Amino acid sequence: MPVPCCRVVCVVNYERIVIVMLDPRLLRNNIEETAAALATRGYQLDVDAYNALEEKRKALQVETQDLQNERNTRSKAIGMAKRSGEDIAPLLAQVEALGGKLDEAKAALEQVMLSLNIFYQETPNVPAPGVPSGKDEDDNVEVLKWGTPPDLGFKAKDHVDIAQALNKGLDFETAAKLSGSRFVVMNGSIARMHRALAQFMLDCHTQEHGYHEVYVPYLVNSESLYGTGQLPKFGEDLFHTKPATEEGQGMSLIPTAEVPLTNIARDHIFSSDELPVKMTAHTPCFRSEAGSYGRDTRGLIRQHQFDKVEMVQLVAPETSMDALEELTGHAEVILQKLGLPYRKVVLCTGDMGFGACKTYDLEVWLPAQDTYREISSCSNMGDFQARRMQARYKSKDMKKPELIHTLNGSGLAVGRTLVAILENYQQQDGSVKVPEVLVPYMNGVTEITPA
RNA sequence: GGAGAGGUGGGUGAGUGGCUGAAACCAGUUCCCUGCUAAGGAACCGUACGUUAAUUCGUACCGAGGGUUCGAAUCCCUCCCUCUCCGCCA
C-alpha cells in the first residue's frame, strides 16, 4: 500500500507520521476492550503485535528525544563559547558522534511508526454501545416502517419500463454509447423531475431544517479523501484523475458530498458557540462500483454517476447521538413529504461503514422489486474523521481543543428517489402522477404522460 | 500558457546561521482604575507527542520534502499553494 505523501513526512514529525483513526489511547490503554468491540464487526485486532510495537515506539521516542535534547544543549554551548571567543574545537569533538546516533535512532523510530501506522490505517471505528451485533445486512434491525406500499391493482412495471414509455425519459443505451454501462441520459419531464427533486430537497433542508447551503468542488485532493476515510483503504471505489506529475497525486471525483463538506472542518478549531454546523449540498457522486459486477445492472439503482443531496453536521461530542436522530429525521421528512413508504433500520456492527460508529439506513419501497431498497444512509462518525482531519473545537472553559464529532447522511439520493416516485406513483395507463410537493417545482405539472 | 511577487502564531507583520516558539501591533481572556459608556493601565494569550504530583520538564512544528551545519524560520535544492499583470476562456 502506498504511503500517503501528505501525512508521512519525516521522522522528526512523529505525531504526523501516524494516520490516526482510532484514539491511540483506546489502543494503548484499553486494547482488550477495544479489540473485543472491533471483533463484533468482524475485525481482528492483533493485540500482541500492537503492544510490542507500541512498546518499541515508546522506547525509541524517548531515546530520540534525549539525543535531540543533548544536541540542542551542546549546540547552544558552542554558540556561547564562540561568542565569548573561546576555542570551540574541543566542544565540536564532543558532538562528533552525536549526529550518527541521532540519525540511527530516528531511522529506527520511523520504521516502528510506519508499522504502527498499518494498525491505525486498517482499524475501523468502534461501534457505539447499543448497536446490534451482527454479521451482515441480514442482522440489521428494523426500527420503524412508515407508510403503506401502494395497492396498484395491476402488475407493477419497473422504473426502466415506465420511463421508457414516457418518451425515453431514461435512456441507458445512449448513455452507454457516450460513456459505458452504469450511466444514464435523462429526457424531458423525467430530467425535469430529477432536477425538481434536488431543488425540493435543498429547499426543505435549508428552509425547514436549518442547514446552510454549500456549493463544493467535485474534484478533491488526497488529503480530503484521507480525512473522511476513503483513503487509504478504499481507493479503488473512486475515480481518480491522472497524476499531474509522476510523483504527484491526481485529484479524485467525489464519491459523495460528504468528502468536501466534512473536510471543510479539516485543520480547523471551532469555537464552541459555532457548533453545531449544519451544511447541505447537492452534488453529483462518482463511484467506480468495483466489486459490484452484475449487481443492479438494470436501471438507475447503481450508477457510476448519480446526484445526491447530502447533509453534514459538525457537532460537540456529547450531542452527536442526538444529532444522528435529528439528521436521520431530516432525511425521513423528505420521504414523508413525497409520500414514499419506507422503513428505517439500524445497521448491525458487521454492516456498518468503516468510519461509522452508528448508522441508520432508510429504505424506500420499490413495487417492482417488491422490497425496500436503500435510499439514504445516515451515520455518526464520532471523532473518527475528526481525528484524521484534526477538526476540533474549544470553549472558553476548556483547556485544550477537543475533537468534534462528524455526521453525514443522504437527504436523499436523487436518482433512487426518482426511481421510487416512478414506481410508486405509476398508473395503469403508463402515466406517473407527480407528488404534490413537487408540483410547484415542475411548473405546475401534475402528471407525466406519454406524448 | 508568459512574466513577476510571496507563503511566519486567530489577524496584520518583524526576523538572513546560535540566547527566536518566534518582536511589535490588533483581536481574545483575566484583572485594575474611572460612579454607566468611552478612554487608560497590568497580566495572560499556539498545537501535538512524550513526561510529571503539577499548565513540571522534554521534543517537534515558521507552506511541504530533502540537503549543508555542532546548530536552520534564517543558506542550498525540489515540490505545492496563493497573489498581481498579460494572453486565453465558461
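Small disclaimer: the values here were computed from a predicted structure and weren't measured. Atoms considered below: every heavy atom in the structure, side chains included; atoms not considered: hydrogens, waters and symmetry mates. Just so it is clear: chains get the letters A, B, ... in the order the sequence lines come, proteins before strands, and each one is counted from 1.
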Taking the six-membered ring for Trp, are A:Phe172 and A:His159 parallel (under 30°), tilted (30 to 60°) or perpendicular (over 60°)? perpendicular
On the 0 to 90° scale, with breaks at 30° and 60°, tag the A:Phe270-A:His268 ring pair as parallel, tilted or perpendicular. perpendicular
Looking only at atom [atom1], what distance separates [N] and [M], rounded to whole Å?
| N | M | atom1 | value |
| --- | --- | --- | --- |
| B:U51 | B:C44 | C1' | 25 Å |
| B:G21 | B:C33 | C1' | 34 Å |
| B:G87 | B:G17 | C1' | 43 Å |
| B:C45 | B:C31 | C1' | 14 Å |
| B:U12 | B:C62 | C1' | 16 Å |
| B:G46 | B:A53 | P | 25 Å |
| B:A22 | B:G9 | C1' | 9 Å |
| B:G71 | B:C57 | C1' | 22 Å |

Pairing partner of [N] (Watson-Crick or G-U wobble, both distances under 3.5 Å):
| N | answer |
| --- | --- |
| B:U56 | none |
| B:C25 | B:G11 |
| B:A90 | none |
| B:C79 | B:G63 |
| B:A42 | B:U30 |
| B:C70 | B:G18 |
| B:A3 | B:U84 |

Is [X] close enough to [N] that one of its side-chain N or O atoms is under 4.0 Å from OP1 or OP2 there?
| X | N | result |
| --- | --- | --- |
| A:Lys82 | B:C70 | no |
| A:Asn72 | B:G71 | no |
| A:Arg74 | B:G18 | no |
| A:Lys58 | B:U51 | yes |
| A:Asn69 | B:U59 | yes |

Out of [options], which has the shortest distance to the side chain of [X]?
| X | options | result |
| --- | --- | --- |
| A:Arg57 | B:G50, B:A48, B:A60 | B:G50 |
| A:Gln68 | B:U59, B:U47, B:G71 | B:U59 |
| A:Arg392 | B:G58, B:G71, B:A48 | B:A48 |
| A:Ile269 | B:G18, B:A60, B:U47 | B:U47 |

Is A:Glu70 salt-bridged to A:Arg74, going by a charged N under 4.0 Å from an acidic O?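 Salt bridge between A:Glu70 and A:Arg74, a charged N being under 4.0 Å from a carboxylate O: yes.
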A:Lys278 and A:Glu326 ion-paired at < 4.0 Å: yes
Residue whose nearest RNA chain B nucleotide is more 5′ - A:Val95 or A:Gly79: A:Gly79
Relative to the 5' end of RNA chain B, which residue comes earlier, A:Val62 or A:Thr73, by the nucleotide with the nearest heavy atom?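 Comparing both residues, the 5'-ward one is A:Val62.
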[atom1] of [X] versus [atom2] of [N]: gap in Å, rounded?
| X | N | atom1 | atom2 | answer |
| --- | --- | --- | --- | --- |
| A:Glu223 | B:C81 | CD | C1' | 11 Å |
| A:Lys76 | B:A72 | NZ | C1' | 14 Å |
| A:Tyr393 | B:G10 | OH | P | 19 Å |
| A:Leu116 | B:G50 | CG | P | 11 Å |
| A:Leu109 | B:U59 | CG | P | 16 Å |
| A:Lys106 | B:U59 | NZ | P | 13 Å |
| A:Met251 | B:C81 | CE | C1' | 13 Å |
| A:Glu402 | B:A48 | CD | P | 10 Å |

For this output row, return yes or no: ring centroids of A:Phe286 and A:Phe306 closer than 6.0 angstrom.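 No - the distance between ring centres of A:Phe286 and A:Phe306 does not fall below the 6.0 Å cut-off.
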I want to check something: taking the side chain as every heavy atom from C-beta on, are A:Leu261 and A:Asn263 in contact at a cut-off of under 4.5 Å? no
Tell me, do A:Arg182 and A:Ser292 make a side-chain contact under 4.5 Å, heavy atoms counted?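 Sidechains of A:Ser292 and A:Arg182: in contact.
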Do the side chain of A:Gln61 and the base of B:G50 come within less than 3.5 angstrom through a donor-acceptor pair of N or O atoms? no
Using a distance-only test with no angle check, is there a side-chain donor-acceptor pair under 3.5 angstrom linking A:Glu447 and A:Thr449? no
